[in-house]
S.K.: 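The structure's right below; bear with me while I get my questions together.
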Amino acid sequence: MTLDRPLPLEIGGVLPGVRLAYETWGRLAPDASNAVLVLHALTGDSHVAGPAEPGHPTPGWWDGLVGPGRPLDTDRWFVVVPNVLGGCQGSTGPSSPRPDGRPWGGAFPFLTQRDMVTAEAQLADALGIERWALVTGGSMGGMRALEWAVSYPERVGALLLLATAAAASAEQIAMAAVQLHAIRADPGWRGGDYHGAAPGHGPHAGLGTARRLAHITYRSEPELQARFGRRAQDGEDPLRSGRYQVESYLDHHADKLVRRFDAGSYVVLTEAMNGHDAGRGRGGTAAALRRVTARTLVAGVDSDRLYPLAQQAELAAGIPGADRLRVIESPSGHDGFLTEPAQVGALVRGLLDG
Ligand SMILES: CC(=O)SCCNC(=O)CCNC(=O)[C@H](O)C(C)(C)COP(=O)(O)OP(=O)(O)OC[C@H]1O[C@@H](n2cnc3c(N)ncnc32)[C@H](O)[C@@H]1OP(=O)(O)O
Ligand SMILES: N[C@@H](CCO)C(=O)O
């Protein structure tokens with residue numbers, strides 16, 4: 001959908017011509033009481049469910065959770081998943097045309113999580129959804145879910161926050177800063193104005209380096225050690241210019257992301273994650289969390305070194321309607337909210353049925 005008016009931005013100014021791509025599953029009840037909003041993380045998209053198909057080479061990223069008979073049972077719930085504002089899978093972002101037809105590129109404005117949620121609220125209005133039965137997301141999706149519950153408490157019935165935080169920490173900002181530096185140091189970046197460059201001339205090396213570092217932070221040290229140890233990649237010798245298995249693994253994740261994701265979007269969304277602070281302009285974190293009226297569950301992953309459990313404990317302690325902190329057990333680190341659908345599904349069922 002295209003927003004019918006320019007989007008006002010938290011830091012000032014407006015973003016005109018905003019388009020939000022979204023997918024839905026199930027049917028909206030006549031009284032619109034069965035709507036669930038699922039919000040994706042940094043490099044996710046609106047394709048939360050469904051098998052691999054042309055245009056989607058992998059199944060939906062929470063396919064185990066969404067569908068008939070699944071925790072988000074689409075025979076009962078109407079599930080809405082927007083592609084985030086600033087992204088590159090259908091919603092307006094740096095690779096989109098601005099009003100004069102040229103790509104936004106480096107002129108794309110700085111966005112905050114609140115701006116993204118402001119746009120999503122207009123999508124809810126357009127769909128006729130006054131109040132979500134549930135808003136959920138992990139990582140950056142959790143940031144937006146929290147912003148929904150703080151900005152529009154009356155519109156969020158239940159809230160499930162996964163592997164997220166009330167505000168980005170110094171270490172999260174630091175890890176992201178190195179990634180931003182890698183992209184901007186790539187000669188192909190051109191200040192963000194590379195979208196008209198010949199194929200293959202964008203900041204692919206920088207984006208790949210960013211993803212390698214990010215991916216290490218998304219997994220756990222014991223997992224990497226157990227899976228890869230010091231083993232050499234098949235047919236290669238690390239002592240003779242070959243790679244260790246773990247290097248090849250990171251190369252693979254970098255190559256996959258570079259093929260499917262725009263570096264400009266990665267920069268905009270990463271900066272928005274660094275800017276995340278639910279307490280900004282609201283009297284601090286504690287005061288902001290007290291605004292939430294939703295029945296809330298907060299969960300973290302025991303092996304998450306990027307969003308450690310202390311951050312979710314702060315959310316669970318500070319949100320008035322929150323149950324005790326839940327812990328997802330997984331070797332996968334931060335990615336546990338993606339790789340443990342059975343545990344996340346049990347949390348979803350518990351919250352919706354409770
Ligand atoms: C909400 C969202 O963000 S959803 C968006 C999707 N998320 C992402 O893209 C995040 C990045 N990806 C990931 O973090 C993970 O791949 C997840 C979370 C999607 C899945 O995690 P896991 O199932 O544990 O996958 P894992 O980390 O083991 O990666 C498997 C891949 O590594 C490849 N791989 C494993 N070992 C090696 C190696 N030595 N050399 C090269 N490749 C290797 C596998 O072949 C497999 O490839 P494929 O994904 O193309 O089939
Ligand atoms: N691996 C996920 C998690 C980031 O929080 C992503 O790329 O979106």
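Indexing begins at 1, ligand by ligand and atom by atom, following the structure's order. Small disclaimer: the values here were computed from a predicted structure and weren't measured.
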S.K.: Which residue is it: Y152, W148, Y22? I am looking for the one with a side chain to side chain donor-acceptor pair (under 3.5 Å) to E120.
M.R.: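 Among Y152, W148, Y22, the one meeting side chain to side chain donor-acceptor pair (under 3.5 Å) with E120 is W148.
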S.K.: Starting from atom 5 (O) of ligand 2, locate the nearest protein heavy atom and write down its residue, its atom name and how far away it is, to 0.1 Å.
M.R.: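 For atom 5 (O) of ligand 2, the nearest protein heavy atom comes out as S139 OG, 2.5 Å.
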S.K.: Which of the numbered atoms in ligand 1 are under 4.0 angstrom from any heavy atom belonging to R227?
M.R.: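 Every atom of ligand 1 under 4.0 Å from some heavy atom of R227: 26 (P), 27 (O), 28 (O).
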S.K.: What are the atoms of ligand 2, with element, lying closer than 4.0 Å to any heavy atom of L42?
M.R.: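 Answer, ordered by atom number: 8 (O).
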S.K.: Using heavy-atom distances, let me know which of S139, A41, G138, S248 sits nearest atom 41 (C) of ligand 1.
M.R.: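 Looking at heavy atoms only, S248 sits closest to atom 41 (C) of ligand 1.
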S.K.: Can you sort out which atoms of ligand 1 are near D335, meaning under 4.0 Å from one of its heavy atoms?
M.R.: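 Within the 4.0 Å cut-off of D335, ligand 1 contributes 13 (C), 14 (O), 15 (C), 18 (C).
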S.K.: Heavy atoms only, cut-off 4.0 Å: how does Y249 contact ligand 1, side chain, backbone, both, or neither?
M.R.: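 Near ligand 1, Y249 shows its backbone as well as its side chain.
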S.K.: Run the contact test for Y218 against ligand 1 with a 4.0 Å cut-off on heavy atoms, strictly below, and give the result.
M.R.: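 The answer is no: ligand 1 sits nowhere under 4.0 Å from a heavy atom of Y218.
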S.K.: Between L65 and L134, is there a shared hydrophobic cluster once you connect ILVMFWY residues whose side-chain heavy atoms come closer than 4.5 Å?
M.R.: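 Yes: a chain of side-chain contacts under 4.5 Å links L65 to L134.
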S.K.: Which option wins on minimum heavy-atom distance to atom 29 (O) of ligand 1: H253, E247, E223?
M.R.: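 Shortest heavy-atom distance from atom 29 (O) of ligand 1: H253.
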S.K.: Using a 3.5 Å cut-off on N or O atoms only, is S332 in polar contact with ligand 1?
M.R.: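 No; every N/O pair is 3.5 Å or more apart.
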S.K.: List every atom of ligand 2 that sits less than 4.0 Å from any heavy atom of Y218, numbering the atoms from 1 in the order shown and giving each element.
M.R.: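 In order of numbering, the contacting atoms are 1 (N), 4 (C), 7 (O).
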S.K.: With a cut-off of 4.0 Å, which atoms of ligand 1 are near a heavy atom of R211?
M.R.: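 With R211 as reference, the close atoms of ligand 1 come out as 8 (C), 9 (O), 10 (C), 11 (C).
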S.K.: Considering only protein heavy atoms, which is closest to atom 3 (C) of ligand 2, and at what distance to one decimal place?
M.R.: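 Result: D335 OD1, 3.8 Å.
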S.K.: I need the atoms of ligand 1 closer than 4.0 Å to a non-hydrogen atom of T339, numbered in the order shown.
M.R.: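 The atoms of ligand 1 under 4.0 Å from a heavy atom of T339 are 18 (C), 21 (O), 24 (O).
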S.K.: When you group the ILVMFWY residues by side-chain heavy-atom contacts below 4.5 Å and let the links chain together, are V135 and L28 in the same group?
M.R.: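 Same cluster.
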S.K.: Which value, rounded to the nearest 0.5 Å, describes the distance between D73 atom CG and L352 atom CG?
M.R.: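 One gets 10.0 Å once the value is rounded to the nearest 0.5 Å.
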S.K.: Shortest non-hydrogen contact from G242 to E247?
M.R.: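 Scanning both residues completely, I find the closest heavy atoms to be O-OE1, 4.3 Å.
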S.K.: Quick check on contacts: which atoms of ligand 1 are under 4.0 angstrom from a heavy atom of G44?
M.R.: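 Those qualifying, in numeric order: 2 (C), 3 (O), 4 (S), 5 (C).
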S.K.: What is the nearest protein non-hydrogen atom to atom 6 (C) of ligand 2, stated with its residue, atom name and distance?
M.R.: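 Result for atom 6 (C) of ligand 2: T43 OG1, 3.3 Å.
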S.K.: Within 45° of the axis and under 6.0 Å from the centre of the six-membered ring of Y249, does NZ or CZ of R227 qualify?
M.R.: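 Geometry flag: set, cation within 6.0 Å and 45°.
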S.K.: Salt bridge check: are E271 and R184 linked by an N-O gap of less than 4.0 Å?
M.R.: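 A salt bridge is present here (some side-chain N lies under 4.0 Å from a carboxylate O).
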S.K.: What's the shortest heavy-atom distance between S46 and P82, and which atoms?
M.R.: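 Shortest heavy-atom separation between S46 and P82 comes out as CB-C, 4.1 Å.
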S.K.: Under 3.5 Å, side chain of Q312 to main-chain N/O of T164, donor-acceptor pair present?
M.R.: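 Answer holds: yes.
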S.K.: Any idea which protein heavy atom is nearest atom 50 (O) of ligand 1, and the distance to it?
M.R.: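 The answer is H252 NE2, 2.7 Å.
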S.K.: Within less than 4.0 angstrom of ligand 2, does R211 place any heavy atom?
M.R.: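 Heavy atoms of R211 do come under 4.0 Å of ligand 2.
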S.K.: Tell me whether atom 19 (C) of ligand 1 lies less than 4.0 Å from at least one protein heavy-atom position.
M.R.: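 Looking at atom 19 (C) of ligand 1, one finds that no protein heavy atom lies closer than 4.0 Å.
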S.K.: Which atoms of ligand 2 have any heavy atom of A41 under 4.0 Å away?
M.R.: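 Ligand 2 atoms under the 4.0 Å threshold to A41: 5 (O), 8 (O).
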S.K.: Indicate yes or no: at least one non-hydrogen side-chain atom of L224 is less than 4.5 angstrom from one of R219.
M.R.: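 Yes, at least one pair of side-chain atoms sits under 4.5 Å.
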S.K.: Testing the 3.5 Å rule here: is there a donor-acceptor pair between the side chains of R231 and Y244?
M.R.: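 Y244 and R231 do not have a side-chain donor-acceptor pair below 3.5 Å.
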S.K.: Can you check which of R260, H40, M140 brings a heavy atom nearest to atom 6 (C) of ligand 1?
M.R.: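 Selected option, by shortest heavy-atom distance: R260.
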S.K.: Around atom 25 (O) of ligand 1, find the nearest protein heavy atom and jot down its residue, atom name and distance.
M.R.: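 For atom 25 (O) of ligand 1, the nearest protein heavy atom comes out as R219 NH1, 4.3 Å.
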S.K.: Looking only at heavy atoms, is any part of H334 under 4.0 Å from ligand 2, and if so is it the side chain, the backbone, or both, or is it neither?
M.R.: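 The side chain, only.
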S.K.: If we set the cut-off at 4.0 Å for heavy atoms, which region of R219 has an atom near ligand 2: side chain, backbone, both, or neither?
M.R.: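 None of R219 does.
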S.K.: Is the number of heavy atoms from other residues, nucleotides or ligands under 6.0 Å of E171 CD greater than 12?
M.R.: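 Incorrect, the count does not exceed 12.
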